[in-house]
Amino acid sequence: MFDFFKRGRLIRRGLASRKMRRRRARSELSRNLEYSPFVKVVIFAVFAGGLAFLVFGGQQPEPTKNFIIALLVLATAITQLWINQPKSFSRSSRILLIFSVILLQLAVTKLLLVLCNSGSYRLRPEMAGLITPYAFAPLVLSVLLGRHHGLYAAFFVSLWSSMLFGPIDAPLLITSLISGFTAVSLTLQVRRRGQLVRAGFGVGLAIWLLSLTFGLIGPINWFYPTANDWGMIGLQSALAVGNGILTATLVGGALPILENLFQITTDISWLEASDLNHPLLRRMTIEAPGTYHHSLVVANLAEAAAEAIGANATLCRVCSYFHDVGKLVKPEYFTENMSFERNPHDDLAPTMSALIIIAHVKEGVDLALKYKLNQRMIDIIQEHHGTSLVRYFYQRALQQHEDARAGGKIMKLREDDIPQVKEESFRYSGPKPQTKESAIVSLADTVESASRSLEKPTPQKIETLVNELIEERISDRQLDDCDLTLGELKVIAERFRFTLLMMLHSRIAYPKPGQKTTTIIPREETLRPDVMAGTRKPETAPPISAA
């Protein structure tokens, strides 16, 4: 409150701006709840209470025995999650998502069981095994959190489901397990919502085949087909196949809600966010066309590298589109957008030029918050330069400092009168890349920028450039906080080299009318892979890698 009045006084005196930079809201309470052991215990206790309600609800033999078994299975499930998925276990929101989805499937299964046993809505007891949503939790968790969580849900939800029907039913357990595993195997990489429906159809076929095997459909007399009730068999088959399709349809409708509630972005949503008609990208095509072209090339590099090491390639592509949106604030100060007549940095001190270059990260975060971009996009915008050095202007400042010292000796000035050059003033504020995808985008940005300065690029020059840049990032400790291995970095470098080689290839010279020979145009006479190609840039323009 006192800061508010202090700021008001500064504004009235003209010493502060009325505008304030947008900042990401950081709630200490939400962070404490996210990693609180007490919250985890509460979630597990609520889930155990839900199991008790489902097991003791209705009339079934030996409910106490089944509940004790269910609690033992819960203890096993908690242990398995702690051992195999420590990142998910450390976050209360992930635990809440996993066990709430499982509990929801168990509740629907119990409800259908009660309805079938009571004969409501023309349902019969033998139909319960056909209409149980076996694949709901595996589908949801496989798409949201990955195949390992989907397999986890398929295994444990099958064990708990079999206890809701009374004594553990082996055919039901096998049907649930295989249906869940089928759902996970068909959703390893879901990029379209239509793939969910196809996965649901596959699950429906699996349920139908298993139901036919275990006698849930029929009875069928294979020796006297005319004695069969084909109408009933057809209805049961439709229920089995429709079960998988309906479950997948419901999952597709629930995904957007769950994504918003638990701050998760699936490949489906990333593809929807990759629309190049986004207002920020449309602004970039007009106000900063060089940056727009640079971002598209970075997207290709990052996606190819991410696919090679098994990272999220779609996330890398989309975040690469937006990683330099902060350059929209002062596009003319960046080489790829610079006019040919003059270089605006000629009129600035190196420290001021570095401030402008460094500020594009903060401006990018500001625009991302204004346009409500995804949180992962904001993180990569903030991390894609890490705490690296704006080397061009740092070297320029050192040179000016040496010149000033030489002139000071002639004019007999004291050393204290010559300002020192601090390296910290020429470094980005960070943080360093925290994830594989953020590190890949960072490396792709650096490699693409530096590749524009290559003259007569050859495979050897490209390979040397890529390796030197990656080694420089490693030695500068910019990759310390991400979990990339040296083997993965080697694969990334190879993908960068291959992609750049394809982009920077030589072109065939088309013969003029009456000319019979065709030759390869020398590299210096061809268009550079830069939107500024074709016209000479200012002599003093910094290299593209300076930004």
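This structure is a prediction, so every number in the text was calculated from the model and none was measured. Values reported hereafter were calculated over all heavy atoms of this structure, with side chains retained and with hydrogens, waters and symmetry mates removed. Numbering of residues begins at 1 and proceeds along the displayed sequence.
Contact check on E448 versus R452 returns a salt bridge, with a Lys/Arg side-chain nitrogen under 4.0 Å from an Asp/Glu carboxylate oxygen. Residues K436 and E488 are paired through a salt bridge, judged by an N-O separation under 4.0 Å between the basic side chain and the carboxylate. A salt bridge does not link D476 to R391: none of the charged nitrogens lies less than 4.0 Å from a carboxylate oxygen. The pair E494-R497 meets the salt-bridge criterion, with a side-chain N (NZ, NE, NH1 or NH2) lying under 4.0 Å from an Asp/Glu carboxylate O.
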Take Q263 and S93, measure what side-chain contact (heavy atoms from CB on, under 4.5 Å) needs, and give me the verdict at the end. CA-CA 9 Å; Q263 298 298 306; S93 61; over 6 Å; no
Starting from the C-alpha separation in whole Å, work towards a yes-or-no answer on side-chain contact (heavy atoms from CB on, under 4.5 Å) for I78 and K40. CA-CA 10 Å; I78 295 172; K40 297 181 179 64; over 6 Å; no
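For the pair T435 and N312, the minimum side-chain heavy-atom distance is 4.5 Å or more. Residues V329 and D366 have side chains not in contact (no heavy-atom distance under 4.5 Å, counting atoms from C-beta outward). Side-chain contact check for Q395 versus P350: every heavy-atom pair is 4.5 Å or farther apart. Between K490 and I470, the closest side-chain pair of non-hydrogen atoms is not below 4.5 Å. Residues L443 and L489 form a side-chain contact, since some pair of their non-hydrogen atoms from C-beta on lies under 4.5 Å apart. You'll find the side chain of D324 stays beyond 4.5 Å of the side chain of Y292, heavy atoms only. I178 has its side chain within reach of T182: a pair of non-hydrogen atoms, C-beta onward, lies under 4.5 Å apart. In this structure, the side chains of I357 and F334 come closer than 4.5 Å at one or more pairs of heavy atoms.
For residues 291-320, the pairs satisfying salt bridge (Lys or Arg N to Asp or Glu O under 4.0 Å) are E303-R317, with sequence neighbours left out.
Here the two rings, on H278 and Y321, have centers that are 6.0 Å apart or farther. Ring pair H323/H385: centre-to-centre distance not below 6.0 Å.
Between the S442 side chain and the S438 main chain, no donor and acceptor come within less than 3.5 Å of each other. The closest donor-acceptor contact from the side chain of S92 to the backbone of L33 lies under 3.5 Å. Although no hydrogens or angles enter the test, the distance criterion places a donor-acceptor pair under 3.5 Å between the side chain of N260 and the main chain of P256. Under the 3.5 Å distance criterion, the side-chain polar atoms of K432 are left unmatched by any main-chain donor or acceptor of D480. Distance alone, capped at 3.5 Å, is enough to place a donor-acceptor pair between the E383 side chain and the Q434 backbone. At distances below 3.5 Å, at least one donor-acceptor pair connects side-chain atoms of S100 with backbone N or O atoms of L97.
Across R376 and N374, no two heavy atoms sit closer than the pair N-OD1, 2.8 Å. Looking at every heavy atom in both residues, A305 comes nearest to I492 through CB-CG2, 4.0 Å.
Counting heavy-atom neighbours within 6.0 Å of I83 CD1, excluding the residue itself, gives a total above 12. Other residues, nucleotides and ligands contribute at most 12 non-hydrogen atoms within 6.0 Å of the CZ atom of F201. Within 6.0 Å of CZ on R147 lie no more than 12 heavy atoms contributed by other residues, nucleotides or ligands.
In this structure, C319 SG and W270 CH2 are separated by 4.0 Å, a value rounded to the nearest 0.5 Å.
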